[in-house]
Amino acid sequence: MAKRKLPKTVIRKRMVKSVFWVGVAYLFLGVSVLMFRPDSGAIAEAEVVEPVHNPATEVGVQTFATNFAHHYFSWGRDDKAFEDRKKRLQSYLASHVDPQAGLDLKNMKSKSSMLKTQVWKVEDAGENKSKVTLRTQYVVTANGKKETKLNYMVVPVASDGQNFAVYDIPYFVQEPKAADLTQTDDLNRSNVLHNAGTKAEIEDFMDSFFKVYTSGKQEEITYFTKDVAVEGLSGILTYKGIRSIAIYTNLEAEGIYQVEATVTYGDSKGTTLYHYPYYVEVKNENGRWFVVQFKQN
């Protein structure tokens with residue numbers, strides 16, 4: 001029996017369907033691969049950069065530098081004293097450094113002894129190196145006269161991870177300039193409280209508060225405060241009075257008054273006086289005043 005031939009239109013439709021489903025299968029396979037393979041375009045985890053460890057800036061370098069300075073500023077006038085200083089410095093200096101650390105003792109006409117040295121700062125100077133600035137005070141005696149000198153000296157120090165060594169000649173530098181710090185705040189000091197009655201109440205309250213603050217127990221201090229923790233000075237200082245006080249009305253609409261007060265304290269024997277500045281916010285609730293903010297400036 002002869003096999004029936006399909007019409008060309010049917011064959012064409014079947015071919016189109018086959019191509020369509022092959023395309024769908026290919027697209028599905030491609031999407032699946034993208035979903036389940038590691039994304040090569042994903043953002044890599046941020047690389048954690050570990051800080052470079054410099055053993056020459058560790059705490060021990062401060063002791064090393066101050067001990068070195070003690071021997072550096074101690075010298076005499078004869079050959080024996082010169083040799084003694086050389087031996088004392090030997091354990092501090094790297095082998096290539098001048099054994100007298102830059103001091104010309106052969107032409108020295110003075111002698112010196114160290115009084116006091118302090119570490120001013122330690123700076124990172126590169127790989128396994130630091131520069132230690134010292135504030136040094138020493139007495140130089142020459143021609144029968146003594147002179148106390150105060151200088152700042154930089155000691156270049158290197159470390160092998162276990163020990164320190166002065167790797168170059170120490171040198172003097174100018175005294176560091178004082179920091180230029182201008183105190184700024186948002187307190188408007190033009191709005192001063194003028195109401196005599198309210199001012200007197202606040203001043204009396206502040207006097208009572210600081211008395212308790214200095215001598216009372218914690219629960220007594222808490223009686224004067226609200227929503228703020230204040231730790232007193234009981235057993236440390238004695239209250240001598242309020243030296244100056246200014247009260248501002250910037251927060252008066254909220255029922256709060258801002259107070260700047262300088263309080264005088266004495267030590268246990270009352271022989272030494274201290275003046276401490278404070279910023280306090282006070283509020284009256286139902287006829288009682290409370291400290292609602294407290295800060296020692």
Check: Can you list every pair that meets side chain to side chain donor-acceptor pair (under 3.5 Å) and has a residue in residues 76-85, with sequence neighbours left out?
Finding: Asp84-Arg88, Arg85-Gln100

Notebook entry, point to check: Which heavy atom of Val61 sits nearest a heavy atom of Ser130, and at what distance?
Noted result: CG2-OG, 4.0 Å

Notebook entry, point to check: Between Val166 and Phe64, is any pair of side-chain heavy atoms under 4.5 Å apart?
Noted result: yes

Margin query: Please say yes or no: joined through hydrophobic side-chain contacts below 4.5 Å, possibly via intermediate residues, are Val228 and Ile221 part of one cluster?
Written below: yes

Margin query: Applying side chain to side chain donor-acceptor pair (under 3.5 Å), can you list everything that pairs with His275, at least two apart in sequence or on another chain?
Written below: Thr264

Checklist line | Residues forming a side chain to side chain donor-acceptor pair (under 3.5 Å) with Lys116, sequence neighbours excluded | finding: none

Notebook entry, point to check: Got a donor-acceptor contact below 3.5 angstrom from the Thr66 side chain to the Thr117 backbone?
Noted result: no

Margin query: Please report the interatomic distance CD1(Ile247) to NE2(His194), rounded to the nearest 0.5 Å.
Written below: 11.5 Å

Checklist line | Exercise: identify the closest heavy-atom pair between Val132 and Val119 | finding: CG1-CG1, 4.2 Å

Margin query: I need the Asp98 CG to Leu93 CG distance, nearest 0.5 Å.
Written below: 8.0 Å

Note to self: Is there a side-chain contact (heavy atoms from CB on, under 4.5 Å) between Phe205 and Val291? Walk through the geometry before answering.
What the structure shows: CA-CA 9 Å; Phe205 170 73; Val291 170; 3.7 Å; yes

Next item on the list: Please determine if Glu281 and Lys283 form a salt bridge, counting it only when a charged side-chain N lies under 4.0 Å from a carboxylate O.
Entry: no

Item checked: Same apolar cluster (I L V M F W Y, side chains within < 4.5 Å links), Val154/Leu89 -> no

Check: Are the side chain of Trp75 and the backbone of Ser110 linked by a donor-acceptor contact shorter than 3.5 Å?
Finding: yes

Notebook entry, point to check: So, the side chain of Ser208 versus the backbone of Asp204: is there a donor-acceptor pair under 3.5 Å, distance only?
Noted result: yes

Check: Rounded to the nearest 0.5 Å, what separation is found between the CD atom of Gln137 and the CE atom of Met114?
Finding: 9.5 Å

Notebook entry, point to check: Do the side chains of Val97 and Phe164 join up, straight or via other hydrophobic residues, at under 4.5 Å, putting them in one cluster?
Noted result: yes

Note to self: side-chain contact (heavy atoms from CB on, under 4.5 Å), that's the test. Do Ile202 and Leu193 meet it? Break it down for me.
What the structure shows: CA-CA 10 Å; Ile202 294 175; Leu193 175 64; 4.0 Å; yes

Item checked: Donor-acceptor contact below 3.5 Å, side chain Asp207 vs main chain Gly241 -> no

Item checked: Main-chain N/O of Asn188 paired with Asn250 side-chain donor or acceptor, under 3.5 Å -> yes

Next item on the list: Decide side-chain contact (heavy atoms from CB on, under 4.5 Å) for Asp104 and Lys106; before the verdict, give the C-alpha distance in whole Å, the side-chain angles of both, and the deciding distance to 0.1 Å.
Entry: CA-CA 6 Å; Asp104 183 6; Lys106 290 185 178 180; 3.9 Å; yes

Check: How about Tyr72 and Tyr92: are their ring centres within less than 6.0 Å of each other?
Finding: no

Checklist line | Contact summary for Val155 and Leu134, nearest pair of heavy atoms | finding: CG2-CD1, 3.8 Å

Item checked: Test side chain to side chain donor-acceptor pair (under 3.5 Å) applied to Tyr248 - qualifying residues, sequence neighbours left out -> Glu260

Margin query: Between Thr238 (side chain only) and Gly266 (backbone N and O only), is there a donor and an acceptor less than 3.5 Å apart?
Written below: yes

Check: Quick one: do the Thr57 and Asp124 side chains pair a donor with an acceptor below 3.5 Å?
Finding: no

Check: At their closest point, which heavy atom of Pro156 faces which heavy atom of Pro170, and how far apart are they?
Finding: CD-CA, 4.0 Å

Checklist line | side chain to side chain donor-acceptor pair (under 3.5 Å): pairs with one or both residues in residues 164-177, sequence neighbours excluded | finding: none

Next item on the list: Starting at OG1 of Thr136, measure out to CG of Asn151 and round the result to the nearest 0.5 Å.
Entry: 5.5 Å

Check: Which heavy atom of Ser113 sits nearest a heavy atom of Ser74, and at what distance?
Finding: CA-OG, 4.5 Å

Check: How close do Ala125 and Asn54 get, heavy atom to heavy atom, and via which atoms?
Finding: N-ND2, 4.5 Å

Margin query: Run Glu201 and Thr198 through side-chain contact (heavy atoms from CB on, under 4.5 Å) and show every step you take.
Written below: CA-CA 5 Å; Glu201 285 186 30; Thr198 304; 5.6 Å; no

Next item on the list: Mark yes or no for whether Glu220, through its side chain, and Lys217, through its backbone, hold a donor-acceptor pair below 3.5 Å.
Entry: yes

Next item on the list: Treat each ILVMFWY residue as a node, draw an edge where side-chain heavy atoms are under 4.5 Å apart, and state whether Val280 and Leu187 are in one component.
Entry: no

Check: Out of curiosity, does Tyr257 fall in the hydrophobic cluster containing Phe290 (side-chain heavy atoms, cut-off under 4.5 Å, transitive links)?
Finding: no

Item checked: All pairs passing ring-ring contact (aromatic ring centres under 6.0 Å, His included) where residues 129-158 contributes a residue, at least two apart -> Phe73-Tyr138, Trp120-Tyr152

Margin query: Any side-chain to backbone donor/acceptor pair from Ser159 onto Asn163? Under 3.5 Å, distance only.
Written below: yes

Next item on the list: Output all residues satisfying ring pair (Phe, Tyr, Trp, His ring centres under 6.0 Å) with Tyr223, sequence neighbours left out; order by chain, then residue number.
Entry: none

Item checked: Test side chain to side chain donor-acceptor pair (under 3.5 Å) applied to Asp227 - qualifying residues, sequence neighbours left out -> none

Next item on the list: List in chain and number order the residues that pass salt bridge (Lys or Arg N to Asp or Glu O under 4.0 Å) with Glu58, two or more places apart in sequence or in another chain; answer none if no residue qualifies.
Entry: none

Item checked: For Glu147, all residues meeting side-chain contact (heavy atoms from CB on, under 4.5 Å), sequence neighbours excluded -> Lys149

Margin query: Can you list everything that forms a ring pair (Phe, Tyr, Trp, His ring centres under 6.0 Å) with Tyr265? Sequence neighbours excluded, please.
Written below: Tyr276

Margin query: Holding to ring pair (Phe, Tyr, Trp, His ring centres under 6.0 Å), I want the full list of residues that pass it with Tyr279, two or more places apart in sequence or in another chain.
Written below: none

Check: Between atom CD1 of Ile245 and atom OG1 of Thr262, what is the distance when rounded to the nearest 0.5 Å?
Finding: 9.5 Å

Margin query: Using the ring centroid of each side chain, check whether Tyr213 and Phe294 are separated by less than 6.0 Å.
Written below: yes

Notebook entry, point to check: Should we count CD of Gln90 as having more than 12 external heavy atoms under 6.0 Å?
Noted result: no

